[in-house]
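For reference, the structure is listed below as C-alpha cells.
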Amino acid sequence: MIAEYALEPKLVASWCKDQYKCHFFRTNFGSNQGRLVSRYPKKWARKVWESFSGGSVMERKRLEELLVGLLETHVKRKDFYWDDNLSWLDNAVQEHDRHPFHAILAMNNAPTRPEILGENAIADSPCPGWDSPHGRTVSRKAPEMAAAVKRMLNCCQWVKFIDPYFSAEKRGHKKTFAEFFKILATDRPVGPPETIEIHTRGDGASNEHLADVYRKIIPAGLQVVLYRWKERLGGQKLHNRYILTNIGGVSFHHGLDEGKDGESDDITRLDLEQYSLHCNQYNPEATAFEPAADPIVITGKFKRKD
C-alpha cells in the first residue's frame, strides 16, 4: 500500500523533455499515491543531474521542480550496496537482491527480472509492480495484517501505532504486535527505527504493571513509548485505529488486534490531508487529547526465535 521504488537517474532526467511525463510521474509518486522514491544511492539527485545534458532552460526548470516533488517524501536508505565499477542498474539489482525494492524503474526492463519496469510496462494494465490500490481487504490474522503494511514498516524512520483498545494482555493484540515488531526489529535498509510509539486509552493500570507486560512482547533492542489518553470535553473521540509513519499512514477499520477465523478487515491508505490531521492529533507535544497518565518508555527484552 506504501512501497519504495528505485528510479534510474538517466530515466528521470529524460522525463524533463516531455511536459506530460513530468506531470505524470510528479503526481504519481508520494505517500498519497503509495509510491515513494528511494534515495539510492545517497547522492541520487546528483546522478540525475549528471545524466541531464544539452537541455533547454525550460527542461532544466522542469527537472528542478520534478526532483523537489519526487523527494518531498522519500525513503532514505542508510546501509546499501554500491560498486563504482558497475552501472546504476547493475548496482540496483544487487541491492534489490539484498533488501528488495518494490520495483526498479529503468530505461529498459529485463524479461528475466520482473522487478525491473520500463515505461512501456507502466502503460500496460494491470501492472502489479506499478499498480497501487488505495485499500485492501485482509484476513484478520496477524501474518496477513502485518504483510499488508510490511513495506511501509520496513522503510519508515518512526512509527505510531494507534488503537484506543490496545492491550498487551489480550491475545489478539499480542499476536499482531509480535508481527509488527518483528518487521521493525529485523535488519532494515533504513536502519533501526528512531522512535516507536503506542497510543491508546488510559485504563488505570500502574506503570510498573504495564512496563512488565509490554517488555514481554517487545523484542530486545527496541524501545517503545506508551502514551495513554482520554477525551477532552467536546473534543475528538478516541476510536479509530491507525498506523502512522514518516512516509505515510493507513487506517484499520476494525482494529489492530487479530480476529476470529473467517473475519476480515479493510485497510485504507490515508490521503495527505487525513495523514497530516492524525499526525497532529497524536503529536504528544500538542495532542488533541488529555493525558490519562505519564508516558512510559519501555525497552524490550523478548528474544525472538527465528
Side-chain angles (χ1 to χ4, degrees), residues 1-77 80-83 86-134 136 151-152 154-155 189 247-248 269 272:
M1 297 180 68
I2 296 179
E4 176 193 21
Y5 289 74
L7 273 57
E8 186 175 13
K10 65 180 180 180
L11 173 64
V12 176
S14 73
W15 292 341
C16 69
K17 298 183 181 299
D18 186 313
Q19 184 177 359
Y20 169 77
K21 286 184 179 179
C22 267
H23 176 75
F24 175 84
F25 288 106
R26 168 65 184 88
T27 56
N28 276 277
F29 277 97
S31 58
N32 196 44
Q33 299 296 330
R35 304 183 190 93
L36 299 179
V37 174
S38 178
R39 188 186 64 177
Y40 176 78
K42 185 175 182 179
K43 295 180 180 179
W44 175 80
R46 178 183 295 181
K47 288 189 173 296
V48 174
W49 280 113
E50 289 172 353
S51 300
F52 174 82
S53 61
S56 65
V57 173
M58 177 61 71
E59 289 171 353
R60 175 173 289 274
K61 181 65 175 177
R62 284 180 191 155
L63 187 56
E64 288 176 353
E65 294 176 352
L66 177 63
L67 287 175
V68 169
L70 292 178
L71 293 174
E72 186 174 2
T73 303
H74 62 279
V75 176
K76 299 178 181 179
R77 290 202 170 203
F80 54 80
Y81 173 88
W82 186 263
D83 184 341
L86 297 178
S87 67
W88 179 92
L89 183 56
D90 288 338
N91 273 297
V93 167
Q94 294 200 44
E95 173 67 5
H96 176 82
D97 291 338
R98 195 179 70 96
H99 279 305
F101 303 102
H102 183 63
I104 300 170
L105 269 61
M107 296 291 289
N108 297 294
N109 56 339
T112 59
R113 303 290 307 211
E115 71 275 10
I116 301 177
L117 304 177
E119 289 182 9
N120 58 326
I122 294 173
D124 295 335
S125 182
C127 178
W130 178 254
D131 297 341
S132 180
H134 201 75
R136 290 181 58 182
R151 293 189 181 277
M152 180 178 73
N154 196 47
C155 294
I247 57 174
R269 185 174 66 244
L272 184 59

Would you find a donor on one side and an acceptor on the other, under 3.5 Å apart, between the side chain of [X] and the backbone of [Y]?
X    : Y    : value
H96  : F101 : yes
R151 : A3   : no
N91  : S87  : yes

Are [X] and [Y] side-chain neighbours, meaning at least one heavy-atom pair lies under 4.5 Å?
X    : Y   : result
S31  : L36 : yes
W49  : V12 : no
I122 : F25 : yes

Are more than 12 heavy atoms from other residues, nucleotides or ligands located less than 6.0 Å from atom [atom1] of [X]?
X   : atom1 : value
K76 : NZ    : no
Q94 : CD    : yes
R46 : CZ    : no

Check [Y] with [X], please: is the shortest side-chain N to carboxylate O separation under 4.0 Å?
X    : Y   : answer
E95  : R77 : yes
R113 : D97 : yes
E65  : R60 : no

Minimum heavy-atom separation for R269 to S132, with atom names?
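Nearest heavy atoms, R269 then S132: NH1-OG, 3.2 Å.
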According to the interplanar angle, ranging from 0 to 90°, do the rings of F24 and W130 count as parallel (below 30°), tilted (30 to 60°) or perpendicular (above 60°)?
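The arrangement is parallel - the two ring planes meet at less than 30°.
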Whether Y40 and W82 hold their rings parallel, tilted or perpendicular, with breakpoints at 30° and 60°:
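Ring orientation, 0 to 90° scale: perpendicular.
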Test E50 against K10 for salt bridge (charged side-chain N to carboxylate O under 4.0 Å, His left out), laying out the working first.
CA-CA 8 Å; E50 289 172 353; K10 65 180 180 180; over 6 Å; no
Is the closest side-chain donor-acceptor distance between W44 and E8 under 3.5 Å?
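Side-chain D/A pair, W44 to E8: absent.
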